[in-house]
2 protein chains.
Amino acid sequence: MTTATETLQGDEELSLVFSALGNPTRRSIVRRLALGPATVSVLAEPFRMTLPAVSKHISLLERAGLVHLERRGRSRLCTLRAEAIVEAESWLESCRVYWTDTLDSLARHLEDGDAPQGGS
Amino acid sequence: MTTATETLQGDEELSLVFSALGNPTRRSIVRRLALGPATVSVLAEPFRMTLPAVSKHISLLERAGLVHLERRGRSRLCTLRAEAIVEAESWLESCRVYWTDTLDSLARHLEDGDAPQGGS
DNA sequence: GGTTAAGTTAACTAAATGGTTAACTATCAA
DNA sequence: TTGATAGTTAACCATTTAGTTAACTTAACC
């Protein structure tokens, strides 16, 4: 069995993760799973939509590598995959770091009396 | 003038931010902006798509609150809004924290000989 | 004023999303 | 074996997305 992390290119996986989190229903599911594993029907309970709809959301989360599905008798146990969360978080952090560094160097330039104006 | 943060509900804004980052072109633009502000045409340069396409991506990033657009003569200067990045990052972090806490309490339960099986 | 440069808006298209209902599969229980 | 439970798959629909080309606006330049 191959995991999403193995088969997908990093960039492609990031797209799937961020897109998945772009939907409020799926974010709710992820928050719920952050508290601990749960079955599909338990996850579906809070929502007014049909089970197939929730099922599709969960499949999408799985394809994105955000949840892991495991057969437990006739139900399926969903577990949050922290790795995917961490990867997305790292990407955001790297952007923030660059940005902060830029501000720092900007401040230095200003102190030198230099006028920075971002070209290519 | 009202900013996206003021007019949008937090949940709705998170949706826009994550969806925006779900696209590789827009992530590229964000990474570029992390190095410093840039005009629309400069941002468009690396891509093989037309200017209107890039323009729409940038508008979307603006609606999501990820970039700030400012008129500079006949061109527009785009700046990354770190607040939006931080908000998304915080959401992810909160999930990770819960998850870690859950693992901790799971470990405690196991030490007590208790069998935890995630119900509602 | 006329032209070029920078960018947006409009109108269109193909594909993906998010939902529905209906039918199906698989497991547990009587 | 019959039936209920848990969930997926299929077929469909409306809306959104990501791109295109063509036309428009606005500011700088001669």
Side-chain angles (χ1 to χ4, degrees), chain A residues 1 8 11-30 32-33 37-64 66-79 117-120, chain B residues 1 8 11-30 32-33 37-64 66-79 117-120:
Chain A
M1 177 192 172
L8 259 44
D11 196 54
E12 172 73 359
E13 202 206 341
L14 266 184
S15 286
L16 290 180
V17 169
F18 280 125
S19 305
L21 295 177
N23 178 283
T25 301
R26 287 191 295 261
R27 276 202 309 285
S28 280
I29 292 176
V30 167
R32 167 60 187 82
L33 286 178
T39 65
V40 172
S41 5
V42 166
L43 289 175
E45 260 171 38
F47 303 105
R48 297 184 57 240
M49 69 188 75
T50 59
L51 197 60
V54 176
S55 181
K56 286 210 287 185
H57 279 303
I58 293 175
S59 302
L60 213 147
L61 286 169
E62 191 192 17
R63 268 208 308 147
L66 275 163
V67 315
H68 175 241
L69 279 160
E70 191 183 353
R71 311 215 46 162
R72 277 273 196 261
R74 66 181 146 181
S75 60
R76 268 165 213 267
L77 197 65
C78 308
T79 317
Q117 198 61 255
S120 171
Chain B
M1 178 192 169
L8 259 44
D11 195 54
E12 171 75 359
E13 203 207 338
L14 265 184
S15 286
L16 290 180
V17 169
F18 280 126
S19 304
L21 296 177
N23 179 285
T25 301
R26 286 189 297 259
R27 276 203 309 285
S28 279
I29 291 175
V30 167
R32 167 59 187 83
L33 286 179
T39 65
V40 172
S41 6
V42 166
L43 289 175
E45 260 172 38
F47 303 106
R48 296 186 55 240
M49 65 188 76
T50 59
L51 198 60
V54 176
S55 182
K56 287 210 287 185
H57 279 303
I58 292 175
S59 302
L60 213 147
L61 287 169
E62 190 192 19
R63 270 207 309 147
L66 274 162
V67 316
H68 174 242
L69 278 161
E70 192 184 351
R71 311 214 48 161
R72 278 271 195 264
R74 68 180 146 179
S75 60
R76 266 165 216 267
L77 198 64
C78 309
T79 318
Q117 197 60 257
S120 169

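None of these values were measured; they are calculated from a predicted model. Protein chains get the first letters and strands the later ones, always in sequence-line order, with residue 1 at the start of each.
When atom types are taken as modelled, the side chain of B:Ser19 and the backbone of B:Leu16 share no donor-acceptor pair closer than 3.5 angstrom. The backbone N or O of B:Leu77 lies less than 3.5 Å from no partner atom in the side chain of B:Thr39, so there is not a single donor-acceptor pair. At least one donor-acceptor pair under 3.5 Å links the side chain of A:Ser59 to the backbone N or O of A:Ser55.
Rounded to an integer number of Å, the gap from CZ of A:Phe18 to C1' of D:dT17 is 19 Å. In this structure, A:Met49 places its CE atom 19 Å from P of D:dA14, rounding to the nearest Å. Atom CD in A:Glu62 sits about 9 Å away from atom P in D:dT8, given to the nearest Å. If you measure from atom CG of B:Leu51 to atom C1' of D:dA23, you get 14 Å, rounded to the nearest angstrom. Distance NZ (A:Lys56) to C1' (D:dT9): 10 Å, rounded to an integer number of Å. Rounded to an integer number of Å, the gap from CD of B:Glu70 to P of C:dT8 is 14 Å. Atom P of nucleotide C:dG18 and atom CD1 of A:Ile58 are separated by 14 Å, given to the nearest angstrom. A straight line from CG of B:Leu61 to P of D:dA18 spans 10 Å, rounded to a whole angstrom.
For the residue pair A:Val30 and A:Leu21, the shortest heavy atom distance occurs at CG2-CD2, 4.1 Å. Shown here for B:Cys78 and B:Leu33, the closest heavy-atom pair between the two residues is O-CD2, 3.4 Å. B:Leu51 approaches B:Ala44 most closely through the heavy-atom pair CD1-CB, 3.5 Å. Across A:Ser28 and A:Phe47, no two heavy atoms sit closer than the pair CB-CZ, 3.6 Å.
Distances shorter than 4.0 Å separate none of the side-chain N or O atoms of A:His57 from OP1 or OP2 on C:dT17.
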task: For each nucleotide in nucleotides 22-30 of chain C, reading 5' to 3', give B when a protein heavy atom comes within less than 4.0 Å of its base, S when such contact involves only the sugar-phosphate, and - otherwise.
output: B----BB--
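A residue-by-residue look at B:Ser59 and A:Ala53 shows that B:Ser59 has its nearest nucleotide of DNA chain C further toward the 5' end.
In this structure, the separation between NE2 on B:His57 and CG on B:Leu60 is 8.0 Å, given to the nearest 0.5 Å.
A salt bridge (charged side-chain N to carboxylate O under 4.0 Å, His left out) check over residues 18-30 of chain B, counting only residues at least two apart or in different chains, returns the pairs A:Asp11-B:Arg27.
Of the residues in residues 19-29 of chain A, none lies under 4.0 Å from DNA chain D by heavy-atom distance.
Looking at heavy-atom distances under 4.0 Å, A:Ser75 makes contact with sugar-phosphate atoms alone, never a base.
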